[in-house]
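Here is the structure we will look at, set down as structure tokens.
Whatever order the structure lists them in is the order used to number ligands and atoms, beginning at 1.
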Amino acid sequence: MTVQANVLALVQEAMEARRSNEALDTPLDAAGEAAMIDAAARKVEELLDVLRIDHRNDHNTRDTPRRVAKMLVRELLKGRFTAPPELTEFRNAEEFDHLIVTGPIAVRSTCAHHLMPIYGTAFIGILPAKGGNILGLSKYDRIVDHFAARFQIQEELVKQIGNFIVEATRPRGLAVRISAVHMCKTHRGVRAGHDSRMVNSSFHGEMLESRDLREEFLSECTALERSAR
Ligand SMILES: Nc1nc2c(ncn2[C@@H]2O[C@H](COP(=O)(O)OP(=O)(O)OP(=O)(O)O)[C@@H](O)[C@H]2O)c(=O)[nH]1
């Protein structure tokens, strides 16, 4: 066994497999990441062999197994192997307690069923607690990116983002809305039109209880979406 194969064996022993949109208990360190990329590259080689693609001699696919392995570990599934973003918070000194809406935030994810891209936009509405803290605006984009970098389904993605922000910042209310294209639907299978999207939202605390707040959030999403065009 090579050193890297040994490291991977240790990593695999130490961590149970998790659902495709769950993170490992402990983020991968550099050695664990390198070992996982090596092991994944060997499996992608096998897959290309099964598909009768001569990647050893084909100039186009010669480096594809390692390229795909790196993309999976470091990019598409990064949110499973790294810690959530660090959150910078500021004291809510003026006791601001009205709705804040941020977006569109780019969503780049991968569907759990066919491993095809999901892309679209997210909007987050926050009703801060008077005595609580306010989160740095860029952190919402980082949180979306963290949870999107997993094999996802959209219903669980909005919930994971919402639950994480609620637990971390304890706002009075929170809303997460995603509108996205699923390429498993547009690029294959039913071959839906490229404009076909799925929209869903997750509401927490006072945003769940108040119809007025939900309507205010949805109208701000529409305005932000329109101004982004
Ligand atoms: N609700 C929901 N469904 C999704 C999401 N992403 C993909 N799907 C659907 O998951 C389903 C997977 O169903 P299967 O019937 O096992 O897959 P399939 O035989 O390839 O089906 P087709 O996609 O219809 O060709 C499909 O209907 C997808 O459109 C998602 O985020 N949410």
I need the nearest protein heavy-atom contact for atom 29 (O) of ligand 1: residue, atom name and distance, please. K185 CG, 4.1 Å
Less than 4.0 Å between a side-chain N and a carboxylate O, is that true for R74 and E33? yes
Ligand-side contact atoms (ligand 1) for residue partner G189, heavy atom cut-off under 4.0 Å: 25 (O)
Here's one to test your reading of the geometry: is the NZ or CZ of R214 within 45 degrees of the ring axis of F203 and under 6.0 Å from its centre? yes
Give me the nearest non-hydrogen protein atom to atom 23 (O) of ligand 1 as residue plus atom name, then the distance to 0.1 Å. R188 NH1, 3.0 Å
Near R62 CZ, under 6.0 Å, is it more than 12 heavy atoms from other residues, nucleotides or ligands? yes
Please check if a non-hydrogen protein atom sits closer than 4.0 Å to atom 15 (O) of ligand 1. no
Can a side-chain donor-acceptor contact be found between S196 and H194 if the only test is distance below 3.5 angstrom? no
Give the cluster check for I178 versus M116: same hydrophobic cluster or not, with ILVMFWY residues linked at side-chain heavy-atom distances below 4.5 Å. no
Which of the ligand 1 atoms, numbered from 1, are nearer than 4.0 Å to a heavy atom of C184: 7 (C)
Interatomic distance, N133 atom CG to T88 atom OG1 [nearest 0.5 angstrom]: 11.0 Å
Does the protein put a heavy atom under 4.0 Å from atom 8 (N) of ligand 1? yes
I'd like to check atom 26 (C) of ligand 1 in this structure: does the protein have a heavy atom lying under 4.0 Å from it? no
Report yes or no: do Q152 and Q160 form a side-chain donor-acceptor pair below 3.5 Å? yes
Please could you name the atoms of ligand 1 that I153 approaches to less than 4.0 Å, counting only its heavy atoms? 30 (C), 31 (O)
Tell me the protein heavy atom at minimum distance from atom 18 (P) of ligand 1, and give that distance in Å. H114 NE2, 3.7 Å
Ignoring hydrogens, just give me the one of M183, H113, E155, Q152 whose non-hydrogen atom is nearest atom 2 (C) of ligand 1. E155
I would like to know whether H55 and T64 meet side-chain contact (heavy atoms from CB on, under 4.5 Å); could you show each step before the answer? CA-CA 8 Å; H55 57 91; T64 295; 5.9 Å; no
Against heavy atoms of Q154, which atoms of ligand 1 measure under 4.0 Å? 30 (C), 31 (O)
4.0 Å protein heavy-atom contact status of atom 31 (O) of ligand 1, strictly under: yes
Looking at M116, H182, M198, E156, the heavy atom closest to atom 6 (N) of ligand 1 belongs to H182
Will you find, in the side chains of S138 and D141, an N or O donor that is under 3.5 Å from an N or O acceptor? no
